[in-house]
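On a predicted model such as this, the values are computed, not experimentally measured, just so you know.
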Amino acid sequence: MSSTTSTRATAPTDLTVATGVPAHQPRRGDGRGRSGGRRIGSHVFLIILAIYFITPLWWLIVAATKSNSGLFTGTGGPLWFDDQFAFFDNIAGLFTHQGGVYWRWFANSFLYAFAGGAGATILAILAGYGFAKYRFRGRGPFFTIVLASVMVPLTALVIPTFMLLSQMGLINTPWAVILPSLLNPFGVYLMRVYAQDAVPDELLEAARIDGAGELRTFAQVALPLLKPAIVTVLLLSVVGTWNNFFLPLAVLTDPELLPVTLGLNRWTALSNAGAGGEQVWNLITTGSFISIIPLILSFLFLQRYWQGGLAIGSVK
Amino acid sequence: MTSNTMEAAATSAVRSRRDAPPRPGGGARLVRRRQRWGWLFVAPFAVVFAIFLVLPLGYAFGMSLFTSTLATGTEFTGLANYAKAFTDPLFLEGMLRVLAYAVVMIPAQLLVALVAALVLDTLATRVSKLSRLLIFVPYAIPVVIGALMWSFLYSPRFGPAATIFSMVGLDAPNFLAADSIFGSLVNIVTWQWAGYYMIVIYAALRSIDPTIYEAARIDGANGWQTATRIKLPMISSSMVMVITFALIGTLQFFTEPVVLRSVAQGAIDAAYTPNMYAFSLAFSYSQFNYASAIAFSLGALVFAGSTVFLFLTRKQSGLK
């Protein structure tokens, strides 16, 4: 942690939050000794909450290891493992069912989320930095419009976006999901608020006096200081794209192009409809389990960045 | 805590520098070149903003002013589609339904998130850190997958509800019946989002200067008073942000009811929420003009609702 803290020596107080919610702050120690009883109560409360929030995930892990019949009539009940461990059979099933289309969906999700999410993040970094550190004509009004657009519900845009894309002939192509995902006004807002304080004007002036051009000043001075905000905006945009259900539902009909979420939803709808050979509950549970691993891992590994990053823009 | 005040002083120095007019020594040409760089940085986003926000909104509004029928083709009908929408019982019922969801769901999510964050803020143990992470985990699960998981969990065929309820000697309710689907959906959304809001609130709590608590303690404040009179007012801007997002999200309710529809056919119809109604009008009935009017009305109502909310709370949100 110390290396990251030192780069922020000039940053204002709220950025200490952005370094990842320092759990090691030596504060509030005094309150603890007095209220031993309340601490136990607090812990019990937290544990009950944690159980509620984690049980569905536990159920999914268990269900992913069961065969189709095990899901209904398993020996261990819904919340415990079956005698028969079918996880690897299920994975093999994912490779063969409908020609292994599941993995195609999986790859699509990665493509959409990373092309859309990374693109949105790059645009947000540039625009946020531009808004924060340059004074140009029209800056105020445009930023106000961007801020207001955060409140425009994106799903209200789906139907007109569909019609625009269909006129451009982009329906049923990956572009139909990626291009609209580049729009992330909230990311621009976060980036501006963060850049305002995390990138001191003095530092930029110093770089300019040393003869660095505007691009070089941006890339070598500003960019490193923006790291926590970049990770946060990237995660939020990737999750946003990965999660988006309405847009792909409207613009994609080719099964080969679906992201994994829509594909699994389609299998579930077919299975629920009771179509003869389509009852693939075991593949749905295993597929769901595999599909959530990448996002959960990225949240775990990038914890110290996003936890504080989420507070940007709300503190002041 | 002198470093804090120094930092604050440094910030305000930066502030005043930023707000000061450009120094005369810089020269007008330099200023103009800087201006151009500002626009260059913003330009890529501005292009996307124009194409995927301004254009669709304008296009939708344009579409909504026309009506196309097989007999007469497409003709300009002005605001007729809007008049139709605001007297359409399906649209109005959907609006009332999402409002009911907002009234129940937002306080539910907020209460869980706020209490959890306040409790976490007073603890720094391993249990509390792990709990924080576990409560947050559902947010990392895509909404579709979350809804799918819950549709399994609710299912009388392979859900654990029967097991859990039989442990206390009760029959499990049918979560997917028409009269319980409301609560079932509230539960899914709360499960999915409370952890995210909790982290936002928690991070805001952590940014409060701890010396304030010390002062409060010396003045004789107990834990409850500290929480309600110091912590809550100091994080009000985060609370306003969280409520605004929850409001925007709830009024556009779509994914969860669509996913649950295949297991709860009778309980959720195609016009359950305004968004679902617009979607089915457009993609099942090809009524793009009317669907645009519905989508545009919903968008305008959400925008108006969140703006009014932000205006009413402008003191807390810092947007003056």
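Using modelled atom types, no side-chain atom of B:K129 and backbone atom of B:A124 make a donor-acceptor pair closer than 3.5 Å. With hydrogens and angles disregarded, no donor-acceptor distance shorter than 3.5 Å links the side chain of A:K133 to the backbone of A:R192. Side-chain atoms of A:S149 never come within 3.5 Å of backbone atoms of A:V152 as a donor-acceptor pair (strictly under, hydrogens ignored). For the pair B:N275 (side chain) and B:F253 (backbone), a donor-acceptor distance under 3.5 Å is absent. Between the side chain of B:W191 and the main chain of A:F53, a donor-acceptor pair closer than 3.5 Å is present. Distance alone, capped at 3.5 Å, places no donor-acceptor pair between the B:S155 side chain and the B:S151 backbone.
Heavy atoms closer than 4.5 Å to chain A are found nowhere in B:N222, neither backbone nor side chain. When heavy atoms are compared at a cutoff of 4.5 Å, B:A278 approaches chain A by way of both its backbone and its side chain. Looking at A:L60, only its side chain comes within 4.5 Å of chain B, counting heavy atoms on both sides. Only the backbone of A:N184 comes within contact range of chain B, judged by heavy atoms closer than 4.5 Å. Of the two parts of B:P138, only the side chain, counted from C-beta on, holds a non-hydrogen atom closer than 4.5 Å to a non-hydrogen atom of chain A. Looking at A:V260, there are no atoms closer than 4.5 Å to chain B (heavy atoms on both sides), in backbone or side chain. A:L165 touches chain B through its side chain: at least one heavy atom from C-beta onward sits under 4.5 Å away, while N, CA, C and O do not. A:Y129 touches chain B through its side chain: at least one heavy atom from C-beta onward sits under 4.5 Å away, while N, CA, C and O do not. Only the side chain of B:L148 comes within contact range of chain A, with heavy atoms under 4.5 Å apart. Only the side chain of B:F245 comes within contact range of chain A, with heavy atoms under 4.5 Å apart. There is no contact between B:A43 and chain A, counting heavy-atom distances below 4.5 Å. At a 4.5 Å heavy-atom cutoff, the contact between B:V263 and chain A is made by backbone and side-chain atoms alike. Using a 4.5 Å cut-off between heavy atoms, B:V258 contacts chain A through its side chain alone, with no backbone atom that close.
Most heavy-atom pairs under 4.5 Å with chain B, from the set A:L164, A:L295, A:I54, A:I292: that is A:L164. Highest contact tally toward chain B, considering only A:A127, A:A120, A:G130, is held by A:A127 [criterion: heavy-atom pairs under 4.5 Å]. Among B:R36, B:M149, B:M239, the residue with the largest count of heavy-atom pairs under 4.5 Å with chain A is B:M149. Per-residue heavy-atom pair counts under 4.5 Å with chain B were compared for A:T285, A:L179, A:L262, and the maximum is reached by A:L179. Of the residues considered (B:F296, B:W150, B:F61), B:W150 shows the highest number of contacts with chain A, using heavy-atom pairs under 4.5 Å. Highest contact tally toward chain B, considering only A:L235, A:L249, A:I125, is held by A:L249 [criterion: heavy-atom pairs under 4.5 Å]. For the options A:I145, A:L215, A:V150, heavy-atom pairs under 4.5 Å to chain B are most numerous at A:L215. Interface summary for chain B: among A:A269, A:S298, A:A250, A:S291, the most heavy-atom pairs under 4.5 angstrom belong to A:A250. Among B:L120, B:I51, B:L133, the residue making the largest number of heavy-atom pairs under 4.5 Å with chain A is B:L133. Interface summary for chain A: among B:L130, B:T244, B:V242, B:V115, the most heavy-atom pairs under 4.5 angstrom belong to B:V115.
Identified under the side-chain hydrogen bond (donor to acceptor under 3.5 Å, both in side chains) test for residues 43-62 of chain B, with sequence neighbours left out: A:Q167-B:Y59.
Classification of B:E214 and B:R217 as a salt-bridged pair fails, no side-chain N sitting under 4.0 Å from a carboxylate O.
Aromatic rings of B:F283 and A:F162 (six-membered ring for Trp) have centroids within the 6.0 Å cut-off, being under it. In this structure, B:F136 has its ring center closer than 6.0 angstrom to the ring center of A:F299. The ring of A:F218 has its center no closer than 6.0 angstrom to the ring center of B:W37.
Residues A:R135 and B:Q35 have side chains not in contact (no heavy-atom distance under 4.5 Å, counting atoms from C-beta outward).
Residues that satisfy the side-chain hydrogen bond (donor to acceptor under 3.5 Å, both in side chains) test with B:T307, not counting sequence neighbours, are absent from this structure.
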